[in-house]
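Following: one structure in structure tokens, then a few remarks.
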Amino acid sequence: MNTPCDMLVFGGTGDLALHKLLPALYHLHRDGRLAADMRILAVARNVLSRGDYQALAERRCRAQVARSDFDNATWASFAERLDYLAMDASQSAEFGRLGKFLGAGSCQRGRIYYLATAPDLFESIAENLAIARLAGEHTRIVLEKPIGHSLESAREINAAIGAAFSEAQVFRIDHYLGKETVQNLMALRFANALFEPIWRAGHIDHVQISVNETLGVENRGAYYDHAGAMRDMLQNHLLQLLCLVAMEAPVRFDAEAVRNEKVKILEALKPISGLDVQDKTVRGQYAAGKIGGQEVPAYYFEKQVDNDSDTETFVAIQAEVDNWRWAGVPFYLRTGKRMARKCSEIVIQFKPVPHRLFEASQANRLVIRLQPEERISLQLMGKSPGKGMRLTPMELDLNLARVFPQKRRWDAYERLLLDVIEGDSTLFMRRDEVEAAWAWVDPILEGWLEYYQSPRPYPAGSDGPEQAQSLLELQGRTWQD
Ligand code: BG6
């Protein structure tokens, strides 16, 4: 791609654009990482002037960016990059106007289209860009997850995108891959000889991947009520984390090699279908409760949510990777909204020592925490000071904010937007990955329908439905909380 390039954001007045993309671009601008003449063009249906949009963007960015990072002069120079076009992206006739707005010859400049819209617009936007001759070789397109709502719809979207853009031009974003600790997981596994020999079924009892949020559905009820936790979180973020834990070492750290290894894991996931769906999955939906001392309503009372909705806001699954390295090791996946605490982490639970010399000995556990703080800790057994051999669990604790105190923590979108600008797709999902993830998820969604598996209620501010605890307890294990 030619640099400099421009970025055109469809869905420019939505929460994603205003809460995530613009603050990330503002930071990149402030750090001098954007080409001086890069323009950022927002497109949405709302009738706004350029000035209105700049004012809206400023208001929302001020609320998102840390006070110490925001200053008026930097904002003023950033705002000069911003422009706005009111258009209905679902109407093909509007794309002629978009072409004029972009200007003749603008296709020779690099351009990134960011589709921060509902996924049902992806196909038509791609087609219309191609028809309006706006999808030339110097363009890239970024798609937000979820790509579709099933394997079939994902294939249709991918085919439509593929008709207008080559795979190298397509960036399917999963912002979890832009999180520092997620990338650190790869560094941990593949830059340290220590872990490789024990990173396998012989030494690992099980793996837990939890992404728990205290937030509810906020202003996204209309989208969320059709998606649910499975499509919103598990099909993408949690399966991507699982891939990074389970994959073999790629031969190189580049887009094709890394993604080849991830897709092998998705294809090795043991199918869960029929009656297994009841035994290996738990759906939940939050009821009224308290978060941080504040009363919050039940899910079905949220704005734009059906009053008798049976969408899940929580899901727990016992998955298995059916390959040589992982045979028999359960991967417990769990994600929920309105949980007791915000915490995303991966727990690698090792097996106990083969011969127990000491009472109270506990098996080692490696915890990779993504949020709220970024840390990696290894629980070991040590001796308590004093007489006798009293053992106690101790932690080797690597807190990334403390190791790099002078470095500002980048938001995942900053890293990923810069990768798109530079054309590096290592941390983006390839078409076959997305489809392999849906191929595993679809039978579970079908099983829920077939067996009328309604979501189990759990009080907001709790650890999810009891059945999610039983999923592990029946096997003599517990969630790390
Ligand atoms: C998004 C989901 O992809 O990730 C949201 O659509 C969710 O529902 C969010 O709240 C969580 O992201 P993070 O980075 O806050 O863990």
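Whatever order the structure lists them in is the order used to number ligands and atoms, beginning at 1. Values below: every heavy atom of this structure, side chains too, minus hydrogens, waters and symmetry copies.
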>> Check this for me - ligand 1, Lys145, N or O atoms closer than 3.5 angstrom, yes or no?
In response: yes

> What atoms in ligand 1 come closer than 4.0 Å to a heavy atom of Gln371?
Replying inline: 13 (P), 14 (O), 16 (O)

> Of all the atoms in ligand 1, which lie at a distance below 4.0 Å from a heavy atom belonging to Lys342?
Replying inline: 15 (O), 16 (O)

> Parallel, tilted or perpendicular: which describes the rings of His175 and Tyr413, with under 30° parallel and over 60° perpendicular?
Replying inline: parallel

>> For Thr181 and Asn184, which I'm curious about, is there any donor-acceptor pair between the side chains at under 3.5 Å?
In response: no

> Of all the non-hydrogen atoms in the protein, which one sits nearest to atom 8 (O) of ligand 1, and at what distance?
Replying inline: Asp232 OD2, 2.6 Å

>> Among all protein heavy atoms in this structure, tell me which lies nearest to atom 12 (O) of ligand 1, with the distance rounded to 0.1 Å.
In response: His175 NE2, 3.1 Å

> With distance as the sole criterion, is a donor-acceptor pair present between the side chains of Arg456 and Gln285 under 3.5 Å?
Replying inline: no

> Between Phe314 and Tyr286, does the ring centre distance come in under 6.0 Å?
Replying inline: no

> N/O to N/O below 3.5 Å, does that happen between Tyr224 and ligand 1?
Replying inline: no

> Under 4.0 Å from any heavy atom of Lys179, which atoms of ligand 1 are there?
Replying inline: 13 (P), 14 (O), 16 (O)

> So with a 6.0 Å cut-off around CD of Glu395, is the heavy-atom count from everything else above 12?
Replying inline: yes

>> Show me which atoms of ligand 1 lie under 4.0 Å from any heavy atom of Lys337.
In response: 5 (C), 7 (C), 8 (O), 10 (O)

> Looking at atom 11 (C) of ligand 1, what's its closest protein heavy atom, distance included?
Replying inline: Glu213 OE1, 3.6 Å

> Any idea how Tyr84 and Tyr53 line up, ring-wise: parallel (<30°), tilted (30 to 60°), or perpendicular (>60°)?
Replying inline: parallel

> Do any nitrogen or oxygen atoms of Ser344 come within less than 3.5 Å of a nitrogen or oxygen of ligand 1?
Replying inline: no

> Should you measure from each heavy atom of Tyr176, which atoms of ligand 1 turn up under 4.0 Å away?
Replying inline: 12 (O), 13 (P), 14 (O), 16 (O)

>> Using the rule given for ring pair (Phe, Tyr, Trp, His ring centres under 6.0 Å), can you reason through Phe70 versus Tyr26, listing the C-alpha separation, both sets of side-chain angles and the distance that settles it, and then say yes or no?
In response: CA-CA 9 Å; Phe70 197 95; Tyr26 167 81; 5.3 Å; yes

